[in-house]
A.B. asks: 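The structure under discussion is supplied below as structure tokens; questions concerning it will follow.
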Amino acid sequence: MSYSVPDGSSPARRSVLRGSLAASAALTLGGAAAAAPALALSGRPRAAWGVQTDDVTASSGLVWVRSDRPARMIVETSTSESFRRTHRHFGPLLGAGSDFTGTTALRGLPAGEQIHYRVTLADPDEPRRTGEPVVGTFRTAPARRRDGVRFLWSGDIAGQGWGINPDIGGFRAYEEMRRLNPDFFLCSGDTIYADGPIQPSVTLPDGRIWRNATTPEKSKVAETLDEYRGNFRYNLLDHHVRAFNAQVPSIVQWDDHEVRNNWYPGQILDDARYTEKDVDVLAARASRAFAEYFPVSTLHARGGAVERRMHRVVRYGPLLDVFVLDMRSYRNANSPGRQADDTTGILGVEQLAWLKRELSRSRAVWKVLAADMPLGLVVPDGAANIEAIAQGDPGAPLGRELQIAELLRFIKHRRITGTLWLTADVHYTSAQHYAPERAAFQDFAPFWEFVSGPLAAGGFPANKLDATFGPERVFVRAPERANLSPMESPQYFGEVDIDGGSGELTVRLRAEGGTVLFSKALQPGRVGQ
């Protein structure tokens with residue numbers, strides 16, 4: 001039994017949902033997919049994969065869509081849901097070179113407004129032949145401080161073999177987040193698990209059966225460009241994801257599983273699952289697919305050149321700047337992390353200089369450092385090497401810790417106020433407070449780091465802390481054993497609420513099901529707290 005969804009350069013090419021779940025998995029595509037035969041016969045372009053917006057500011061945003069064939073992308077925007085008055089934005093021609101995906105930049109938008117948009121795909125040879133418009137909405141960042149900001153964050157999607165399970169309603173946490181109606185969603189990496197094949201079923205320890213929707217591209221580790229593309233499409237099969245994308249804009253970063261677990265530049269794999277052993281080759285293919293499937297401002301053509309830079313700052317009004325870090329592309333090789341001199345670290349020399357410069361320039365009340373890996377949690381890579389920053393030695397900074405010490409010292413001495421760190425990666429939720437009086441390295445101001453996730457993946461026990469920067473685990477919620485399925489352990493996401501009147505920032509760690517596990521209020525205008 002099989003079910004087809006639109007995918008590729010012509011109506012004849014399909015991505016087939018396979019196995020005993022085919023009928024149930026097909027439901028995740030909803031009415032758009034069910035109409036495929038009629039629309040295919042009409043020869044009109046289709047956008048069954050939904051729409052999404054990213055990197056929204058007070059005056060701009062990026063809108064994404066995917067067609068099932070060559071098409072011209074046209075976006076109409078309005079401040080009215082009825083589209084009484086519209087502005088038309090002509091987008092790119094979508095073709096096989098971008099897997100029929102495309103992004104249109106919206107500029108000159110009014111600040112602090114609900115923007116409604118509809119995307120129409122037109123036949124490039126017969127422009128009057130258009131597909132059914134797909135609609136979405138988002139709020140632009142406020143121009144006034146008093147309007148406040150509220151956003152969510154999490155990461156780790158379709159990991160450890162836990163994919164779209166129709167028996168439990170698919171990726172349910174997305175629907176819960178959508179109902180909270182945040183200004184935006186910060187996706188903290190591991191947006192896909194390109195190295196994690198999805199099997200039709202998994203038997204849980206208690207005998208229950210976890211069932212997955214499956215696709216050919218998710219049946220093996222991703223190596224080719226088309227296989228990476230298929231991993232990004234997989235998440236869009238879930239109707240909760242598509243509904244969420246149509247309502248909530250995102251700020252997206254990447255980590256390791258967009259390419260391969262624990263990868264670093266220059267790595268040569270010793271893994272029998274891969275025929276391509278050069279990680280740099282795999283990373284180039286993965287970053288291209290990432291740029292095709294997420295409308296990120298620094299990953300698109302500008303003036304004939306294509307930027308391939310994940311790190312960026314998204315300025316979300318006077319209250320908030322989000323500094324999106326890339327702790328993957330510029331790092332040195334994973335090692336025990338005990339070297340006394342390390343200028344490359346986890347950010348690289350140029351990215352660290354960029355971050356210092358942009359933090360100094362920021363006039364926002366709050367500066368969120370969106371990190372794809374935690375600072376003081378020991379994340380191992382095998383028996384000897386370290387995957388993140390902390391390496392378990394509680395003494396003075398060594399290895400990648402040296403670069404973080406340099407950054408923390410800079411923040412203190414420049415008296416940069418309102419910094420906090422948000423991350424995911426470790427598949428549980430926690431709050432860590434870092435203070436110099438508890439630390440081996442003391443030339444920094446106190447700060448908070450909040451962890452949330454996974455959003456749709458396996459849960460894992462809490463990692464050990466490294467005392468170099470004096471972390472204290474104020475709160476943690478984590479499973480007792482590794483890789484608990486979403487049927488056995490709740491999924492987690494965090495919420496940040498900045499009050500427009502007082503400027504107070506409140507962080508809430510949430511569990512799927514509506515429970516607030518932990519809450520912490522921080523005051524504006526302080527170097528450390």
Side-chain angles (χ1 to χ4, degrees), residues 155-161 188-197 217-218 220-232 253-291 299 308-311 324-339 341-352 371-375 377-392 398-404 423-427 457 460 463:
D156 314 304
I157 303 156
Q160 290 74 50
S188 301
D190 291 343
T191 57
I192 61 169
Y193 278 72
D195 57 329
E217 294 90 349
K218 289 296 295 181
K220 64 178 291 292
V221 296
E223 299 179 82
T224 68
L225 176 59
D226 283 343
E227 287 167 349
Y228 281 110
R229 288 165 166 170
N231 272 258
F232 288 104
Q253 63 190 140
W254 78 343
D255 191 32
D256 56 337
H257 289 286
E258 285 82 0
V259 180
R260 191 258 185 190
N261 186 45
N262 296 354
W263 74 274
Y264 52 83
Q267 184 181 23
I268 302 299
L269 299 181
D270 180 17
D271 186 332
R273 300 178 302 167
Y274 288 84
T275 56
E276 175 57 68
K277 305 294 186 181
D278 189 337
V279 164
D280 289 351
V281 172
L282 298 175
R285 294 167 182 169
S287 67
R288 176 173 172 179
F290 188 102
L299 289 176
R308 292 290 179 193
R309 179 167 62 83
M310 295 287 182
H311 62 278
V324 183
L325 305 186
D326 180 357
M327 293 176 154
R328 190 57 54 180
S329 302
Y330 308 103
R331 63 164 57 198
N332 49 22
N334 290 354
S335 72
R338 304 301 171 97
Q339 57 269 40
D341 184 15
D342 187 351
T343 57
T344 300
I346 200 164
L347 296 173
V349 174
E350 290 185 8
Q351 185 179 187
L352 178 60
D372 45 296
M373 301 215 74
L375 297 185
L377 280 59
V378 180
V379 184
D381 179 13
N385 292 335
I386 292 300
E387 158 68 352
I389 298 161
Q391 80 302 67
L398 295 171
R400 292 170 180 160
E401 292 174 335
L402 291 162
Q403 195 175 63
I404 300 304
T423 189
D425 183 67
V426 288
H427 296 238
F460 284 80
N463 295 61

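None of these values were measured; they are calculated from a predicted model.
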A.B. asks: With the side chain counted from C-beta on, respond yes when I389 and M373 share a heavy-atom pair under 4.5 Å apart, and no when they do not.
C.D. replies: no

A.B. asks: Checking side-chain hydrogen bond (donor to acceptor under 3.5 Å, both in side chains) for the pair R400/N334: CA distance, chi angles, key distance, verdict?
C.D. replies: CA-CA 10 Å; R400 292 170 180 160; N334 290 354; 2.8 Å; yes

A.B. asks: Is there side-chain contact between F232 and T191, with heavy atoms separated by less than 4.5 Å?
C.D. replies: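 Side-chain contact under 4.5 Å: yes.
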
A.B. asks: Does any non-hydrogen side-chain atom of I386 lie less than 4.5 Å from one of D381?
C.D. replies: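 When only atoms from C-beta onward are counted, I386 and D381 do not touch, as no gap falls below 4.5 Å.
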
A.B. asks: Please check if any side-chain donor atom of D326 sits under 3.5 Å from a side-chain acceptor atom of W254, or the reverse.
C.D. replies: yes

A.B. asks: Quick one: does R331's side chain get under 4.5 Å of P265's, heavy atoms only?
C.D. replies: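 Yes, at least one pair of side-chain atoms sits under 4.5 Å.
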
A.B. asks: Measure the spacing between CG of D255 and CE of M310 and express it to the nearest 0.5 Å.
C.D. replies: 11.0 Å

A.B. asks: Is the backbone of D190 close enough, under 3.5 Å, to the side chain of E258 for a donor and an acceptor to pair up by distance?
C.D. replies: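 Confirmed, E258 side chain pairs with D190 backbone.
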
A.B. asks: Measuring only between side-chain heavy atoms, which start at C-beta, is Y330 closer than 4.5 Å to H311?
C.D. replies: yes

A.B. asks: Is the side chain of K218 donor-acceptor paired with the backbone N or O of Y193 at a distance under 3.5 Å, no angle test?
C.D. replies: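 Checked: pair present.
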
A.B. asks: Ignoring hydrogens and angles, tell me if any N or O in the side chain of Q403 forms a donor-acceptor pair with the backbone of T344 under 3.5 Å.
C.D. replies: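 Looks like yes, one N/O pair under 3.5 Å.
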
A.B. asks: Decide yes or no for T423 and P374: does some side-chain heavy atom of the first lie under 4.5 Å from some side-chain heavy atom of the second?
C.D. replies: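 Answer yes - side chains close enough.
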
A.B. asks: Going by an N to O cut-off under 4.0 Å, is there a salt bridge joining K277 and D271?
C.D. replies: no

A.B. asks: Heavy atoms, side chains only, cut-off 4.5 Å: are E223 and L282 in contact?
C.D. replies: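 With C-beta onward as the side chain, the pair touches.
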
A.B. asks: Only counting residues at least two apart or in another chain, list the ones meeting ring-ring contact (aromatic ring centres under 6.0 Å, His included) with Y264.
C.D. replies: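 For Y264 there are no ring-ring contact (aromatic ring centres under 6.0 Å, His included) partners, ignoring immediate neighbours.
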
A.B. asks: Would you find a donor on one side and an acceptor on the other, under 3.5 Å apart, between the side chain of D256 and the backbone of N261?
C.D. replies: no

A.B. asks: Run the salt-bridge test on E217 and R229 with the 4.0 Å N-O cut-off and return the result as yes or no.
C.D. replies: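 Salt bridge flag = no for R229 with E217.
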
A.B. asks: Counting only N and O atoms by type, is there a donor-acceptor contact under 3.5 Å from the side chain of D280 to the main-chain atoms of G266?
C.D. replies: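 Confirmed, D280 side chain pairs with G266 backbone.
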
A.B. asks: Ignoring hydrogens and geometry, is there a side-chain-to-backbone donor-acceptor pair from E276 to D278 under 3.5 Å?
C.D. replies: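 Yes: the side chain of E276 pairs with the backbone of D278.
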
A.B. asks: Tell me, please, which residues at least two apart from Y274 pass ring-ring contact (aromatic ring centres under 6.0 Å, His included).
C.D. replies: none

A.B. asks: Report yes if the side chains of V378 and Q391 come closer than 4.5 Å at any heavy-atom pair, otherwise no.
C.D. replies: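 Of all side-chain heavy-atom pairs linking Q391 with V378, none is under 4.5 Å.
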
A.B. asks: Could you check whether any side-chain N or O of R288 sits under 3.5 Å from a backbone N or O of A284, counting only pairs where one atom can act as donor and the other as acceptor?
C.D. replies: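 Flag not set: sc R288 to bb A284 has no pair under 3.5 Å.
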
A.B. asks: Using every non-hydrogen atom in the two residues, find where L225 and R285 come nearest and quote the distance to one decimal.
C.D. replies: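 It is CD1-O, 3.5 Å.
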
